[in-house]
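Working notes, structure below.
Order of listing sets the numbers, starting from 1, for every ligand and every atom in it.
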Amino acid sequence: MDKEGSSHEPRIPAGGWGSIKEVSTILLEEKVPPQRAAILLKQNKPDGYACVSCAWAKPAHPHPAEFCETGAKATAWEITSKRIGSGFFAKHTVTELEGWHDHDLEDAGRLTVPLRYDAASDKYVEIAWDQAFSEIGAHLRKLDPKSVVFYSSGRASLETSYMYQLFARMYGNNNLPDSSNMCHESTSVALPKSIGVPIGTVVLDDFEKTDCILFFGQNVGVNSPRMLHQLQEARKRGVPIITFNPLRERGLVSFTNPQSPLEMLTGSETRISTQYHQLKAGGDTAALMGLCKAVLEEEDAARKRGDPPALDTAFIEEHTHGLGAFKDKVQATTWSDIEQEAGLDRADIRDAARVYMGAKAVIGVYGMGLTQHRNGVQNVQMLVNLLLLRGNIGKPGAGICPVRGHSNVQGQRTVGITEKPELAPLDKLKEQYGFEPPREKGLNTVEACEGIQKGEVKALVSLGGNLVRAVPDHGSMNAAWRALPLSVQVSTKLNRSHLVHGKAAYILPCLGRIEIDRQGGVEQAVSVEDSTGCMHGSKGMAEPAAATLLSEPAIVAGLAKATLEPNPKVDWDAWVADYGKVRDAIARTYPEIFHEFNQRMWTPGGFRKPVAAAKREWKTPTGKANFTVPDGLTVDPDLQDGSGTLRLFTVRSDGQFNTTIYSLDDRFRGVKGDRMVVFMSKADMEARGLRDGAKVSAVTATDDGVERRVDGLRVMEYPVPPGCIAGYYPECNPLLPLWHYAKESYVPAAKSIAVRIEASA
Ligand SMILES: Nc1nc2c(c(=O)[nH]1)N[C@H]1C(S)=C(S)[C@@H](COP(=O)(O)OP(=O)(O)OC[C@H]3O[C@@H](n4cnc5c(=O)[nH]c(N)nc54)[C@H](O)[C@@H]3O)O[C@H]1N2
Ligand SMILES: Nc1nc2c(c(=O)[nH]1)N[C@H]1C(S)=C(S)[C@@H](COP(=O)(O)OP(=O)(O)OC[C@H]3O[C@@H](n4cnc5c(=O)[nH]c(N)nc54)[C@H](O)[C@@H]3O)O[C@H]1N2
Ligand SMILES: [Mo]
């Protein structure tokens, strides 16, 4: 375990001076004047705006500056002084823009006017808002509702999202895929079966009470840096943090708090992980099986010795179901199989188990390292199994903590953005709005892509995001996308999805959440849900990028009015004039969660939605928390280990937010000016006769007759387990087959792609 260093791995802690430098650089590059930059002090404050970056919890008693490097970059990116209007589009054809790098597209500036694609000139041309709405509405009215997809990326507010799902359902489908389908859907499928809720059970307070934290496949220093405050405080109390991750991620190694003058001056850093296990990508079910095996072995040994049990027997008896079958599976699994699949020694797994058993309250944190695998659902359920063995769900300081991505991705599901009709309150919508909601299952993201490939999907409306770049299989998807009869993008910045567009294509530019949203002269507020199920109000603070922009609620209402027959029970205009009325409507649909929404939305720290499992109430068919028996350790039928195949997992850097590339550097991994890299172990380089810096191609190792390759990758020697390599998302997405997704949840298995490496000629 804990193998230090290679030629490239920087020794810097997360946070620290590097973080401050990064923030000032991006503010300068985006030409954000100091008085505008000052609004950063209102980020994630009870009277401020909710950061547009990640979904991590917002404390009731925030730090003086409750923002991180990542959040400050996202803010600078949105409140940039750069603008693109009709002049920009008159200058550049779409074909020319296609040759631009993703970074340069978004860096051109904020979109300011509604645009329609003009095939004759191959350019986007300005169009009036009313005309855009009426043309799109006329097009949608002609289509079979089943052939239209309403995608959303997880940033739009609760108010916008509620209006959007209602629009889709009144139009006639449940085709409401979202970014969560590529992200934590494995969580949303796994947890209800195991513990009867689709979300995590911990709140911030639990981090103050815990005495052990397990970390599986989540890169806190880059993707949710504000959480480092909780981890640093826990470490100061001596709480062990045990990490399972194939890469040694700097933010999981050490942290210097940029908000502590003393730490900054003395250069002192907190060691974050007390144990760091570099398991094989896809080895988590095996590692978790090993942890459970060590606990169950200790239980037997303790019984023989007459010592207190290693299991929480009272909890298991009263609250769980299925331990017997799970135990049989654990016993039937050999240590040598576990070692082989996890790529870890049993002694190291036992070390981790010993610390786990020594703790009274344990939190299990995880991210994409568990969910984006063929067995992503099982990975999550195995973590639950481990926690259940010692009663670590539903008591202070303990629980399961999926770290969500987009700032309101969890909230969108809460207010009805889902393709699964059983998760939406259809009867309630019927009663409230007097229409017959569609009952048929809608398309998720993978199914929407399949539909686009087959030509069955005729229109794609996107509320944010950059779907064409976020999905797998760019080679075939890009071509299929261009055959779509209609694409409509509600966006803040220019991206690939505007260029790889449908035959009729519209870009509808919107206000961002950081901007002041005035309706009839009155400033409006919106709300979002964080990773811990807490709802927060958010008030824009910056002047809008352009007077021509509309808010997201106004755009959704504009589309709905132009598409749907009038319904006396849905007054879209009244909702746009006063978002408080949308919140009243949400409260009527979901009274248990959102009662007195308008009064409670400014509660410091947010108001929490009820999470039954956190109170040890189990809304599962057995009425208990369920142990789940895994199918087996073999990670993935699509991975053909051996014969020179490597497992590629795709990761993010601190220089990006998903497909938004702020910079080509990755300061935590020592990459400068180029994201076309592949991180490889010394052993795998030697086996292939590759030098550091060698140029290679990656080719997907599948036998479906499709060639998937990415050329021009530079090899970087890095401490990653032999047999596994890492590359960047989205650059490596052409290698990911669309059919390579998690069973049950359909999350593309972006963390385990079988590839071969070929030296470039
Ligand atoms: N700065 C920044 N912040 C972000 C984002 C961003 O792009 N940039 N994106 C946002 C979004 S939408 C999301 S979903 C989250 C994503 O945040 P994370 O969940 O942290 O996602 P990733 O960076 O994709 O990968 C997570 C970690 O999993 C590890 N890993 C890879 N394969 C495996 C495996 O098989 N097992 C284990 N145990 N670990 C593995 C990788 O080494 C990496 O450290 O972040 C959000 N926040
Ligand atoms: N290989 C691989 N693929 C992956 C992943 C991976 O780890 N590996 N991760 C997956 C995950 S977890 C996710 S969540 C998806 C992300 O997929 P998406 O959510 O679809 O993509 P983003 O890159 O977040 O979208 C960026 C665009 O959103 C628009 N935007 C920004 N702010 C706003 C706003 O306030 N309103 C509106 N309307 N638009 C706005 C801008 O135009 C910007 O260009 O990608 C998935 N794809
Ligand atoms: Mo995500």
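Take R83 and apply the salt bridge (charged side-chain N to carboxylate O under 4.0 Å, His left out) test, not counting sequence neighbours, and it matches no residue. Residues meeting the side-chain contact (heavy atoms from CB on, under 4.5 Å) test with D665, sequence neighbours left out: S663, K672.
By the 3.5 Å distance cut-off applied to N or O atoms, T650 is counted among the residues near ligand 2. Among the atoms of F244, some N or O lies under 3.5 angstrom from an N or O of ligand 1. Between E78 and ligand 2, a contact under 3.5 Å exists for no N or O pair. The shortest N or O to N or O distance between G154 and ligand 2 is not under 3.5 Å. At least one N or O atom of T659 sits closer than 3.5 Å to an N or O atom of ligand 2. The distance criterion of under 3.5 Å between nitrogen or oxygen atoms is not met by G512 with respect to ligand 2. Between S53 and ligand 1, no N or O atom pair is found at a separation short of 3.5 Å.
Looking only at heavy atoms of the protein, atom 14 (S) of ligand 2 is closest to S179 CB, 3.6 Å. With hydrogens left out, the protein atom closest to atom 31 (C) of ligand 2 is T492 OG1, 3.2 Å, a heavy atom. Nearest to atom 36 (N) of ligand 1 among the protein's heavy atoms is D284 OD2, 2.6 Å.
For the residue pair S153 / H406, a side-chain donor-acceptor distance below 3.5 Å is found, with atom types taken as modelled.
Contacts of F649 with ligand 1, taken as heavy-atom pairs under 4.0 Å, involve the side chain alone. Residue contacts with ligand 1, taken as heavy atom pairs separated by less than 4.0 Å, involve T70 solely via side-chain atoms from C-beta onward. Contacts between C510 and ligand 2 below 4.0 angstrom, taking non-hydrogen atoms only, involve the side chain exclusively.
The shortest separation from a heavy atom of L279 to ligand 1 is under 4.0 Å, placing the residue in contact. Ligand 1 has at least one atom lying under 4.0 Å from a heavy atom of N658. A heavy-atom separation below 4.0 Å is not found between R404 and ligand 1.
Atoms of ligand 2 lying under 4.0 Å from any heavy atom of E552, numbered from 1 in the order shown and given with element: 34 (C), 36 (N), 37 (C), 38 (N). Ligand-side atoms of ligand 2 in range of K751: 7 (O), range being under 4.0 angstrom from any heavy atom. Of all the atoms in ligand 1, the ones that sit under 4.0 Å from a non-hydrogen atom of C183 are 14 (S).
Among T243, I661, N223, the residue whose heavy atom lies closest to atom 3 (N) of ligand 1 is N223. Taking only non-hydrogen atoms, the option from S497, S157, S407, G465 nearest to atom 29 (C) of ligand 2 is G465. Considering H277, E249, H406, H184 only, the shortest heavy-atom separation from atom 44 (O) of ligand 1 involves E249. Of the candidates A287, G283, G217, G217 brings a heavy atom nearest to atom 39 (N) of ligand 1.
In this structure, R675 satisfies the cation-pi test against Y728, with its NZ or CZ atom closer than 6.0 Å to the six-membered ring centre and inside 45 degrees of the ring normal.
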